[in-house]
Amino acid sequence: MPNPGLSPLASPPSSEEASCHVSMSLPSASQSQSRLKYVSLGVLVLQTTSLVLTMRYSRTLLGEGPRYLASSAVVSAELLKILTCLLLVFYDHSFSVRALNRVLNEEILNKPMETLKLAIPSGIYTLQNNLLYVALSNLDAATYQVTYQLKILTTALFSVSMLGKRLGLYQWLSLLILMTGIALVQWPTESLGGPSSTPLSAGSQLVGVIAVLIACFSSGFAGVYFEKILKETKQSVWVRNIQLGLFGLVFGLIGVFVYDGERVRESGVFQGYNSLTWTVVALQALGGLVIAAVIKYADNILKGFATSLSIILSTLISYFWLKDFDPTSVFFLGAMLVIAATFLYGYEGKRPAISHSKV
């Protein structure tokens, strides 16, 4: 009987067959990975656009009764995210209650130090989610979308400093173009709104911009920190999101009773909730899971640039449907620069693919 270890070398047909299997399996795995990356990025664009528009609409819609509490919506989204992740872990283990209990005990309760690492990004994400409600209560959806892309710059800087990533010439140039575009979007204009639009005061605009800027820095740091944890351990991304959600639930409840305690005592936690509010909550909960998938299959900077593609949809819908936005030539130029920066980064990102192996 021939030696199994020598048969591929002794038989040319077997050798060709083996090489064929290798050449087919590697591209297949690569194509599958690439497909997952772009599908997750596409879903993220749709989710981000829908969340911004529905959140803006829900915060400006005039209706009967009290308006829902932003802090309460953040807590509801965290709770929904936890339940969804529990269901996904349950599914991954063939709907076995014993296996689910074992995973939760081994990965969360029996690893307190690993779990505590998630307290930092969770607290920052909770702050960020509350700031987004503040921003969208004071800025139109299009201006918010463009300005919020500053998180690409903060994410890039934190990625370089915390993950040791190296950005190429085109990437640095794209970040410079991005900052220029955002500056143009925030450039003061004397545009007059139409009769159906509600002009915002300068103070209100300033509050919205400050909220967005703080959210950009918090998003950059928390996103890179979470990416670092995900790629340094082999723990399930759904378990990581359960850990994030548990801390987020605690921080969120503290925020509810510190900032809105009196209103909660008067009208309850779910005051002002309707079908639109629950849609916002569901989209926000879905966003955390989509972002986690994007970080897993792509990288955090690419996630930020993909999100900027939703600027076009947000601007069109904000103008034609919400009617709270009157675009100017300066805004148009700034938005085009931000979108151009998106494609410029994507062009550079296709070349140094080997750099991701160190992350």
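Basis for what follows: all heavy atoms, side chains included, without hydrogens, waters or symmetry-related copies. Model, not experiment: these values are computed from the prediction.
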Exercise. State which residue, out of L150, L153, I177, L337, fulfils the side-chain contact (heavy atoms from CB on, under 4.5 Å) condition with I182.
Key: L150
Quiz item: Do the ring centers of F217 and F221 come within less than 6.0 Å of each other?
Solution: no
Quiz item: Is a donor on one side and an acceptor on the other found under 3.5 Å between the side chain of T180 and the backbone of L176?
Solution: yes
Quiz item: Quick one: does S50's side chain have a donor or acceptor within less than 3.5 Å of a partner on Q47's backbone?
Solution: no
Quiz item: In the single-linkage hydrophobic clustering (I, L, V, M, F, W, Y; side-chain heavy atoms under 4.5 Å), do I229 and M113 co-cluster?
Solution: yes
Quiz item: Do side-chain atoms of S96 reach the backbone of H93 as a donor and acceptor pair under 3.5 angstrom?
Solution: no
Quiz item: Can you check side chain to side chain contact (heavy atoms under 4.5 Å, CB included) on L83 and L87, steps first, answer last?
Solution: CA-CA 6 Å; L83 294 176; L87 183 61; over 6 Å; no
Quiz item: Among pairs that include at least one residue of residues 249-271, which meet side chain to side chain donor-acceptor pair (under 3.5 Å), considering only residues two or more places apart or in two chains?
Solution: S71-D260
Quiz prompt | Verify same cluster id: V97, L86 (apolar side-chain graph, 4.5 Å) | solution = yes
Quiz item: For K228 and K117, what are the C-alpha separation, side-chain angles and deciding distance, and is it a side chain to side chain contact (heavy atoms under 4.5 Å, CB included)?
Solution: CA-CA 11 Å; K228 184 178 178 68; K117 289 181 180 179; over 6 Å; no
Quiz item: Any chain of hydrophobic side-chain contacts (each under 4.5 Å) joining V250 to I82?
Solution: no
Quiz item: Quick one: does Y125's side chain get under 4.5 Å of F226's, heavy atoms only?
Solution: yes
Practice problem: State whether the side chain of E107 and the backbone N or O of L104 hold a donor-acceptor pair below 3.5 Å, judged by distance alone. | Solution: no
Quiz item: Just by distance, do the side chain of T147 and the backbone of Y144 share a donor-acceptor pair under 3.5 Å?
Solution: no
Quiz item: What are the two closest heavy atoms between K151 and S219, and how far apart are they?
Solution: CD-OG, 3.8 Å
Quiz item: Between T126 and N130, is any pair of side-chain heavy atoms under 4.5 Å apart?
Solution: yes
Quiz item: Side chain of S58, backbone of M55: donor and acceptor closer than 3.5 Å?
Solution: yes
Exercise. Mind listing the closest non-hydrogen atom pair of S314 and T49 along with its distance?
Key: OG-CG2, 3.7 Å
Exercise. Using a 4.5 Å cut-off on heavy atoms from C-beta on, say whether the side chain of F331 contacts that of T143.
Key: yes
Quiz item: Do the non-hydrogen side-chain atoms of S76 and Y273 ever get within less than 4.5 Å of each other?
Solution: yes
Practice problem: Would you give the length of the straight line joining atom OG1 of T60 to atom CG of N138, rounded to the nearest 0.5 angstrom? | Solution: 11.0 Å
Practice problem: Quick one: pull up CD1 in I317 and CZ in R56 and give me the separation to the nearest 0.5 Å. | Solution: 14.5 Å
Quiz item: Once you round to the nearest 0.5 Å, how far does CG of N241 lie from OG1 of T84?
Solution: 10.0 Å
Quiz item: Checking T115 side chain against I108 main chain: does a donor-acceptor pair fall under 3.5 Å?
Solution: yes
Quiz prompt | Aromatic plane relationship, F95 with Y91 - under 30° parallel, 30 to 60° tilted, over 60° perpendicular | solution = perpendicular
Quiz item: Side chain of W172, backbone of L167: donor and acceptor closer than 3.5 Å?
Solution: yes
Quiz item: What distance separates Y225 OH from S122 OG, expressed to the nearest 0.5 Å?
Solution: 11.5 Å
Exercise. Could you tell me whether a side-chain N or O of N129 sits under 3.5 Å from a main-chain N or O of V74, the two making a donor and an acceptor?
Key: no
Quiz prompt | Side-chain donor/acceptor of Y68 to backbone N/O of W278, under 3.5 Å | solution = no
Quiz item: Which atom pair, heavy atoms only, marks the closest approach of C85 to I242?
Solution: CB-CG1, 3.5 Å
Self-check item: Neighbour count above 12 (heavy atom, 6.0 Å) for Y57 OH
Solution: no
Quiz item: Step by step, would you call R67 with R59 a side chain to side chain contact (heavy atoms under 4.5 Å, CB included)?
Solution: CA-CA 8 Å; R67 180 175 296 170; R59 299 306 290 174; 3.8 Å; yes
Quiz prompt | For A135 against V212, the heavy-atom pair lying closest together | solution = CB-CG2, 3.5 Å
Quiz item: Heavy atoms, side chains only, cut-off 4.5 Å: are T315 and F332 in contact?
Solution: no
Exercise. Take L175 and M179 through the test side chain to side chain contact (heavy atoms under 4.5 Å, CB included) and record every step on the way to the result.
Key: CA-CA 6 Å; L175 293 177; M179 289 189 294; 5.5 Å; no
Practice problem: Calculate, to the nearest 0.5 Å, the distance between atoms CZ and CG belonging to F251 and L127 respectively. | Solution: 11.0 Å
Exercise. Would you list the pairs meeting salt bridge (Lys or Arg N to Asp or Glu O under 4.0 Å) in which at least one residue belongs to residues 169-178, sequence neighbours left out?
Key: none
Quiz item: If you group Ile, Leu, Val, Met, Phe, Trp and Tyr by side-chain heavy-atom gaps below 4.5 Å, do V269 and I254 land in one group?
Solution: no
Quiz item: Do the charged groups of K165 and E227 touch, with an N to O distance under 4.0 Å?
Solution: yes
Practice problem: Write down the atom of L184, the atom of V330, and the distance for their closest heavy-atom approach. | Solution: O-CG1, 3.1 Å
Exercise. Give the minimum heavy-atom separation between S218 and Q128, together with the two atoms involved.
Key: OG-CB, 3.6 Å
Quiz item: To the nearest 0.5 Å, how far apart are CG in D92 and CH2 in W238?
Solution: 8.5 Å
